[in-house]
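Inspection log for the structure reproduced underneath, given as structure tokens.
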Amino acid sequence: MDEIKKFLWLLRKHRYTIIIIPVIAILITYYLVRNLPNSYVSQARISTGLVDDSRQAALLNAISPRGQEVVQEFSSIVEMMRMKKILDQVSYKLIIHDLTAKKPFRNPRTLFKEFNPEQINRALKVYNNKYLKTEELNLWNKEQERLYHILTTIEYDSESLLNDLRINRAGDSDFINVEFRSENPELSAFVANTLSSEFIKYYTVLRKANQRKATTFLRKLVDEKKQGLDKSVDSLRNYKIRNRVLNLDEQSSQLYAQILEYNNRRQEVIKSIASNTGALNEIDRKFEPGERRYLESALTRLNQRIIGVRQELQALYDQYIESNFDEQYKMSIDSLQSILTAQINSTNDTYAYNPLNSKEELVRQKLNLEIQLDLARYSMHSIETELNDLNRQFDQLVPHEALVQSLERAVQGASQEYLDVLSKFNQSSLESGLSEKLNLVQSAMPGAAEPSKKMLLVILSGIISFVFCLVVLFVLFFIDNSISSAKELANKTQLPVLGQLKMMNGENVNLKKIWSDLPVNSEGHYFKESLRSVRFEMESALKGKILSISSLRGSEGKTLLAISIAYAFKMTGKRVLLIDGNFRNPDISRSAEPEVFLEDYFKGAPDSVITRLDPSVTIMANRGGDKSVLEIADASRINNKFDQLKDSFDIIIIETPSLYYNEAKEWINFSDDVVLVYEAGKSITESNTSYIQYLKGLNGKLAGWIFNKAGRDNEMTADKRKAKNV
């Protein structure tokens with residue numbers, strides 16, 4: 001709160017500056033803008049097709065860019081429109097228009113007054129040539145450099161146009177707004193429309209050229225990828241033809257199925273052989289040797305016929321297996337099987353064995369089992385032969401499979417690359433055939449004049465200058481470390497403040513007049529009131545009769561305070577001795593014109609060394625010079641002299657030099673109390689901190705500060721009480 005009050009006091013102090021500077025700024029601004037011409041703004045609008053790209057996206061079956069891509073595209077287009085190459089085209093169109101039209105936007109002929117008609121035509125030819133070729137003026141050429149200077153003077157150059165040009169995207173829409181501001185509504189519309197048209201033309205040509213380059217490159221790349229694909233396909237085809245490979249997957253599947261089938265049949269045959277062999281062994285154990293011989297002799301002829309049929313049946317089985325189970329052989333086998341069965345059955349009707357034998361049925365079963373066993377054994381050989389052949393064929397397919405897969409992968413990769421490049425080529429070809437996305441959807445028209453900004457500029461100048469003054473004062477206040485109140489002094493030094501003396505105008509202060517009856521609220525009245533307050537606080541704080549008055553620096557008001565306090569104590573009826581202890585600057589001695597000096601008194605002169613400024617105020621002066629009190633007399637003599645003075649006076653006041661000199665510390669050693677004078681507006685620097693530490697180490701001798709030259713706006717009593725309570 002104190003800081004705010006201090007800042008407000010600073011503003012009040014500089015109130016005239018805060019008022020005068022904005023007024024001057026307002027007057028200057030008004031003088032500068034009073035003849036400011038009206039401005040006219042025209043706006044053209046371009047559709048980019050970046051956001052609303054439904055037609056192209058539908059034709060190309062592509063996804064339009066979104067998000068950050070759209071923002072980047074718009075930024076690129078806006079920056080391209082700001083390019084010097086595009087703005088130069090507008091400059092050429094403007095100067096050509098003004099030189100050829102009956103009603104130019106600006107009058108450039110004043111700049112061509114030194115040109116003859118032939119030179120003007122030559123300039124028009126140069127401008128037209130540069131416009132058609134989309135080139136910049138060559139500033140190394142003196143003629144073209146002069147033409148460029150004309151553009152700059154009439155403010156048709158790219159930099160001048162760019163200052164009044166505004167290009168931005170309309171929100172999140174698909175449109176770009178092109179605005180131009182000038183003093184002529186037709187000029188504004190012309191620049192906006194020309195810039196839009198020139199940019200669309202330049203952008204279209206540039207885009208088409210890039211598309212043609214891309215299409216040519218992609219066409220060449222498609223041919224290269226097609227050749228690579230054909231080469232891979234030829235390699236795969238030649239390998240299959242050379243190695244008699246049609247379809248490895250199908251062939252391997254068929255062979256594997258046949259191998260499984262033959263394995264199953266082999267297992268069935270093995271099972272049949274095992275079962276038949278076991279059955280025959282069981283039947284043989286049931287026959288005795290004599291009966292077996294009789295049976296064999298009786299059936300010899302029948303067995304021979306059966307054996308012949310069995311051999312034919314075996315041969316058919318071999319052919320049936322080798323033909324991969326052809327149905328034609330199956331029918332023959334079934335026929336022979338029927339014949340064999342009939343012959344075996346005929347043996348049952350032949351009475352070739354002993355009728356007494358009960359094992360007729362066993363004999364018939366044995367014959368059938370022997371025939372089946374022989375057939376199974378004959379088929380086993382053929383099955384194993386065919387199975388080995390199939391395994392050999394399957395093993396031959398394995399190395400072909402690895403190489404064919406490698407060739408097929410190469411064909412697949414080349415095919416994918418070819419299709420990707422072909423797709424991009426088709427898309428590029430289709431894009432190059434489409435109409436350009438950029439389109440001027442709204443032409444600029446001459447508009448009405450904008451509201452005048454003269455008054456706004458005048459008001460802003462006043463506000464800105466006012467704020468500038470406040471900022472400057474705040475900065476000065478922020479960096480200002482000076483102490484302007486007794487409370488700040490107490491907070492800064494952590495030492496008590498006894499009071500403050502108001503500032504008095506003028507060099508000489510008439511104390512007699514001040515203590516006489518003065519009008520209330522006069523300067524002398526305020527000074528007298530502050531003296532009374534300081535006197536009261538000193539009487540309360542003093543512990544003895546000898547009081548030294550010093551300061552941190554010179555010229556802070558020690559002399560005035562010493563004389564004023566001496567006079568103030570005199571007004572209470574006290575006997576006061578004022579000693580001028582400042583040998584370096586003895587102002588009190590000069591004003592009093594004494595007859596005896598303290599040098600004489602401390603060396604042994606009698607006590608009648610008194611010159612009276614007032615009947616109750618005694619002054620002891622000095623002759624000045626570069627010396628100290630201890631150089632006049634030793635400490636014991638000085639103490640004895642002070643003891644004599646204490647008997648004669650109620651209070652002894654000593655004005656000492658500032659603490660910068662050691663003479664002040666010598667006087668303080670003989671004093672009972674010390675009072676320091678501090679001038680308002682001064683800062684406590686790092687060099688002063690050692691003096692403050694010295695004062696704090698005086699063991700209670702320091703009575704406090706007297707804040708000198710305080711402003712009248714400070715409330716003396718309130719500040720004094722606040723300072724003592726800190």
Quiz prompt | Any donor-acceptor N/O pair, T29 side chain to A25 backbone, under 3.5 Å | solution = yes
Practice problem: Could you please spell out the steps behind the side chain to side chain contact (heavy atoms under 4.5 Å, CB included) verdict for L27 and Y31? | Solution: CA-CA 6 Å; L27 294 176; Y31 178 78; over 6 Å; no
Quiz item: Can you tell me if NZ on K13 sees more than 12 non-hydrogen neighbours from other groups inside 6.0 Å?
Solution: no
Quiz item: Which heavy atom in A189 sits nearest to a heavy atom in M445, and how many Å separate them?
Solution: CB-C, 3.8 Å
Quiz prompt | Y148 atom OH, over 12 foreign heavy atoms within 6.0 Å | solution = yes
Exercise. Output the distance between atom CD (E183) and atom CG (D164), rounded to the nearest 0.5 Å.
Key: 8.5 Å
Quiz item: Is any side-chain heavy atom of L440 less than 4.5 Å from a side-chain heavy atom of S443?
Solution: yes
Practice problem: For I176 and M81, work out which heavy atoms get closest and say how close. | Solution: CG2-SD, 4.3 Å
Quiz item: Which atom pair, heavy atoms only, marks the closest approach of S196 to A44?
Solution: OG-CB, 3.7 Å
Quiz item: Between N708 (side chain) and E556 (backbone), is there a donor-acceptor pair under 3.5 Å?
Solution: yes
Self-check item: Side-chain touch L137/D88, heavy atoms, less than 4.5 angstrom
Solution: no
Quiz item: So, do R166 and Q43 sit near enough that their side-chain heavy atoms are less than 4.5 Å apart?
Solution: no
Practice problem: List the steps and the verdict of side chain to side chain contact (heavy atoms under 4.5 Å, CB included) for V126 and E143. | Solution: CA-CA 10 Å; V126 172; E143 179 185 7; 4.1 Å; yes
Practice problem: Taking the side chain as every heavy atom from C-beta outward, state whether T194 and L94 have any pair of such atoms under 4.5 Å apart. | Solution: no
Quiz item: Atom CD1 in I167, atom CG in L162: separation rounded to 0.5 Å?
Solution: 7.5 Å
Quiz item: Does some side-chain heavy atom of R169 sit less than 4.5 Å from a side-chain heavy atom of V78?
Solution: no
Quiz item: Just by distance, do the side chain of N129 and the backbone of K125 share a donor-acceptor pair under 3.5 Å?
Solution: no
Quiz prompt | Side-chain H-bond candidate by donor/acceptor type, N184 with R106, under 3.5 Å | solution = no
Quiz item: Do the non-hydrogen side-chain atoms of Y660 and Y691 ever get within less than 4.5 Å of each other?
Solution: yes
Quiz item: Does S188 use its side chain to pair, donor to acceptor, with the backbone of S182 at less than 3.5 Å?
Solution: yes
Quiz prompt | Gap separating the CD1 atom of I459 from the CD1 atom of I26, nearest 0.5 angstrom | solution = 8.5 Å
Practice problem: Would you tell me whether D420 and Q416 have side-chain atoms, one donor and one acceptor, within less than 3.5 Å of each other? | Solution: yes
Self-check item: Q89 side chain reached by T134 side chain, heavy atoms, under 4.5 Å
Solution: yes
Quiz item: Which atom pair, heavy atoms only, marks the closest approach of E679 to S555?
Solution: OE1-O, 3.3 Å
Quiz item: Do the side chain of R15 and the main chain of R12 share a donor and acceptor less than 3.5 angstrom apart?
Solution: yes
Quiz prompt | E145 and K142 ion-paired at < 4.0 Å | solution = no
Quiz prompt | Flag side-chain contact, heavy atom, 4.5 Å: N439 against I200 | solution = no
Quiz item: Around atom CG of N163, are there more than 12 heavy atoms of other residues, nucleotides or ligands at under 6.0 Å?
Solution: yes
Practice problem: Looking only at non-hydrogen atoms, find the nearest pair between G462 and P22 and report the distance. | Solution: O-CB, 3.8 Å
Self-check item: E155 side chain vs T152 backbone, donor-acceptor pair below 3.5 Å
Solution: no
Quiz item: Can S47 and D174 be counted as having a side-chain donor-acceptor contact under 3.5 angstrom?
Solution: yes
Exercise. Test side chain to side chain contact (heavy atoms under 4.5 Å, CB included) on I483 and K492 and set out the steps.
Key: CA-CA 9 Å; I483 297 174; K492 188 74 174 179; 4.0 Å; yes
Quiz item: Is there a side chain to side chain contact (heavy atoms under 4.5 Å, CB included) between Q144 and K130 once you walk through the steps?
Solution: CA-CA 10 Å; Q144 296 185 21; K130 293 295 182 181; 3.5 Å; yes
Exercise. Enter the distance from L460:CG to M455:CE here, rounded to the nearest 0.5 Å.
Key: 11.5 Å
Quiz prompt | Contact summary for T493 and L489, nearest pair of heavy atoms | solution = OG1-O, 2.7 Å
Practice problem: Verify the distance criterion only: is there a donor paired with an acceptor across the side chains of D157 and S160 at less than 3.5 Å? | Solution: yes
Quiz item: Among Y131, Y127, Y92, F105, which one satisfies ring-ring contact (aromatic ring centres under 6.0 Å, His included) with H97?
Solution: F105
Self-check item: Qualifying residue for salt bridge (charged side-chain N to carboxylate O under 4.0 Å, His left out) with E417, from K226, K424, K225
Solution: K225
Quiz item: If you round to the nearest 0.5 Å, how far is CD1 of I150 from OH of Y156?
Solution: 13.0 Å
Quiz item: When rounded to the nearest 0.5 angstrom, what distance separates CG in D234 from NZ in K231?
Solution: 10.0 Å
